[in-house]
Amino acid sequence: MKRYIIALDQGTTSSRCIIFDQDCNIICVKQREFTQYFPQDGWVEHDPVEIVSSQLGVLEEAVDTAGIFLDEVTGIGITNQRETTIVWEKATGKPVYNAIVWQCRRTAAICEQLKRDGMADYIMETTGLVIDAYFSATKIKWILDHVDGARERAEKGELLFGTVDTWLLWNLTKGKAHVTDYTNASRTMMFNIRSLKWDETILKALGIPRQMLPEVKSSSELYGYAEVYGKKIPVAGIAGDQQSALFGQACFGAGQAKNTYGTGCFMLMNTGEKLCRSKNGLLTTIAATPKGTVHYAIEGSVFMGGAVIQWLRDEMRFIQASADSEYFAQKVPDNGGVYLVPAFTGLGAPYWDMYARGTIIGLTRGATAEHIIRAALESIAYQTKDVLDAMQADTKIKLGRLKVDGGASANNFLMQFQADITETPVMRPRVRETTALGAAYLAGLATGVWEDTEEISGKWTLDKRFDPAMPAEKRERLTKHWYKAVSRAKDWQDT
Ligand SMILES: Nc1ncnc2c1ncn2[C@@H]1O[C@H](COP(=O)(O)OP(=O)(O)O)[C@@H](O)[C@H]1O
Ligand SMILES: O=P(O)(O)OC[C@H](O)CO
């Protein structure tokens with residue numbers, strides 16, 4: 001009998017469903033974009049109901065198109081945009097507020113207060129994270145502070161909190177499972193990554209009632225059953241999208257790393273059972289593993305990756321499709337001295353500046369749209385270089401190669417520039433949907449499709465390798481100007 005696994009990949013800009021067979025062939029992909037809400041400068045929201053409807057919509061479409069029998073589906077794996085925060089009524093499943101998205105900066109003031117209260121070291125030590133509006137905890141506090149009666153109701157046990165995995169699982173299981181996994185919990189800024197428990201001190205500091213939090217489980221086990229066309233299918237894998245991509249890239253051993261070019265860019269290195277503390281602005285987080293083991297990862301989170309290309313497309317209207325950026329960037333021989341720092345929602349790793357804002361600098365009378373497009377693509381690679389340098393300094397490991405994936409990794413110009421500017425070979429796999437693949441692996445391991453990670457390791461195959469070819473003098477000159485441009489973008493917004 002054939003066996004299939006369904007991966008639900010709930011990203012920042014779209015919901016995807018990918019059906020894999022047991023040989024990791026993609027049988028069907030369905031994708032639906034959903035609405036982004038920007039109610040105020042620096043605020044980003046999603047409609048939680050649209051998250052569910054778009055995800056269930058693509059699930060049904062994929063099953064319809066794939067022409068498979070549901071009896072042949074062994075399990076569903078969920079992977080998701082992380083940190084995004086949803087609070088809903090236990091009794092009705094109705095959200096009390098829109099989802100506050102990971103990119104949203106509205107809780108900067110709450111973060112400043114936590115820092116003034118001397119919580120920075122404690123939070124870093126306990127959760128592995130720097131205090132930033134990026135993470136879920138201050139977003140929950142904001143909802144409890146601003147939605148009428150929310151804190152009292154949460155204290156009475158009437159409201160539930162979840163990241164997107166938890167919200168999807170709760171809906172898929174019709175309210176039976178209120179669960180998250182270690183990888184998602186490790187992004188909330190209130191989870192102790194050593195004891196694997198919610199941290200009472202942080203909950204108290206933010207006034208978050210313990211009873212609204214989900215149970216935390218491993219990334220690969222049975223959480224409950226989803227009903228698809230009347231058939232019960234086990235939901236058996238959950239991981240935050242970046243940890244899922246690390247798993248999907250078969251980075252199972254310490255020292256193995258990947259970079260994902262989606263809305264943002266996220267570089268993660270598996271550090272095995274060792275918890276590596278960064279001295280260079282990176283985060284410590286929990287990696288996805290099969291049940292029974294806990295691995296850690298060190299992470300560089302860049303807020304604007306492919307999203308800067310979306311901005312060129314939707315707001316600047318310089319291009320019609322993201323992929324066109326590759327063609328236009330190569331219509332000019334170089335960046336013409338133009339640098340774009342896409343600090344639209346502040347700067348993440350390694351700078352952590354909530355008040356930085358986007359800037360385009362180096363403009364001359366000869367600057368063209370093509371230079372700006374090129375500068376936008378190059379900015380993705382420079383930001384990645386910044387986190388790669390930090391990671392190599394922290395771990396004392398010089399990466400021999402960088403595995404890449406995500407939407408913007410399709411861009412050959414970007415990948416070559418990445419190899420050039422980091423002096424590191426870039427390896428793009430045949431299956432670029434590694435985020436979904438990771439979730440499929442996790443669900444497949446829990447439902448007996450694959451034996452262990454060794455069996456999975458053999459499935460990684462190369463699509464294209466990009467070797468560094470830029471002369472050192474040019475690389476150094478470009479990098480120097482990038483740092484200058486970053487210094488101009490920092491600390492712009494008034495606090
Ligand atoms: N060929 C391309 N060149 C540059 N950027 C691209 C290309 N294709 C897609 N992108 C960008 O990649 C992002 C989508 O990647 P994806 O992995 O689907 O993101 P997410 O999971 O965050 O929603 C978009 O921001 C889009 O602008
Ligand atoms: O939706 P993505 O793929 O850009 O990922 C978002 C990250 O999980 C945010 O931490």
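Sequential numbering from 1 along the given sequence is applied to the chain's residues. This is a predicted model, so every value here is computed, not measured.
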Side chains of [X] and [Y], heavy atoms from C-beta outward: is any pair under 4.5 Å?
| X | Y | answer |
| --- | --- | --- |
| M427 | V404 | no |
| T85 | T188 | no |
| C265 | N259 | yes |
| T271 | H295 | no |
| T260 | Q242 | yes |
| I373 | L312 | yes |
| V216 | L196 | no |
| F303 | W102 | yes |

Output yes when [X] and [Y] qualify as a salt bridge under the 4.0 Å nitrogen-oxygen rule, no when they do not.
| X | Y | value |
| --- | --- | --- |
| D467 | R465 | yes |
| D463 | R428 | yes |
| E370 | R374 | no |

Just jot down the side-chain contact (heavy atoms from CB on, under 4.5 Å) partners of [X], sequence neighbours excluded, or say none.
| X | result |
| --- | --- |
| Y97 | W43, E45, I100, R106, W142, I143, V147 |
| S278 | N280, L282, I298, D394 |
| R153 | E89, E158, L159 |
| E423 | R475 |

Using ring-ring contact (aromatic ring centres under 6.0 Å, His included) as the criterion, list what pairs up with [X], not counting sequence neighbours.
| X | answer |
| --- | --- |
| Y261 | none |
| F318 | none |
| F191 | W198 |
| F252 | F247 |

Do [X] and [Y] have side-chain atoms, one donor and one acceptor, less than 3.5 Å apart?
| X | Y | result |
| --- | --- | --- |
| T74 | T447 | yes |
| N192 | T126 | no |
| R105 | Y134 | no |
| E299 | T285 | no |
| D9 | T435 | no |
| S14 | Q31 | yes |
| T461 | K459 | no |
| E50 | S53 | no |
| D241 | T79 | no |
| E83 | T163 | no |
| N412 | Q416 | no |
| Q256 | K403 | no |

Just wondering, are more than 12 heavy atoms of other shown residues or ligands nearer than 6.0 Å to [atom1] in [X]?
| X | atom1 | result |
| --- | --- | --- |
| K398 | NZ | yes |
| E315 | CD | yes |
| F69 | CZ | no |
| R210 | CZ | yes |
| K90 | NZ | no |

Pairs flagged by salt bridge (Lys or Arg N to Asp or Glu O under 4.0 Å) wherever residues 56-72 is involved - sequence neighbours left out
R32-E61, D71-K231

For residues [X] and [Y], report the shortest heavy-atom separation together with the two atoms involved.
| X | Y | answer |
| --- | --- | --- |
| S301 | L283 | OG-CD1, 3.4 Å |
| A439 | S244 | N-OG, 3.0 Å |
| P290 | T293 | O-OG1, 3.2 Å |
| Q243 | T183 | NE2-O, 3.6 Å |
| N270 | G253 | CB-O, 3.4 Å |
| T65 | C28 | CB-SG, 3.8 Å |

Output yes when a side-chain donor or acceptor of [X] lies under 3.5 Å from a complementary backbone atom of [Y], and no otherwise.
| X | Y | answer |
| --- | --- | --- |
| Q418 | L414 | no |
| T166 | V179 | yes |
| T84 | Q81 | no |
| Q211 | G157 | no |
| Y223 | S220 | yes |
| Q383 | M304 | yes |
| T180 | N184 | no |

Could you pull out all residues at least two apart from W170 that satisfy side chain to side chain donor-acceptor pair (under 3.5 Å)?
none

Would E221 and S218 satisfy side chain to side chain donor-acceptor pair (under 3.5 Å), going step by step from the backbone distance to the final call?
CA-CA 7 Å; E221 62 180 276; S218 81; 2.8 Å; yes

Measure from NZ or CZ of K139 to the centre of the six-membered ring of F135, then state whether that distance is under 6.0 Å and the direction lies within 45° of the axis.
no

Pi-cation contact, F266 with R82 (under 6.0 Å, within 45°):
yes

Could you go through the side-chain contact (heavy atoms from CB on, under 4.5 Å) check for I286 and Y296 one step at a time?
CA-CA 4 Å; I286 300 183; Y296 294 94; 4.1 Å; yes

Quick note, ring pair (Phe, Tyr, Trp, His ring centres under 6.0 Å) partners involving residues 12-37, not counting sequence neighbours, are F34-H46

ring-ring contact (aromatic ring centres under 6.0 Å, His included) evaluation trace for Y382 with F417:
CA-CA 9 Å; Y382 286 125; F417 190 76; 5.5 Å; yes

Centroid-centroid distance, H178 to W167, less than 6.0 Å:
no

May I have all residue pairs that pass side chain to side chain donor-acceptor pair (under 3.5 Å) and include part of residues 304-314, sequence neighbours excluded?
none

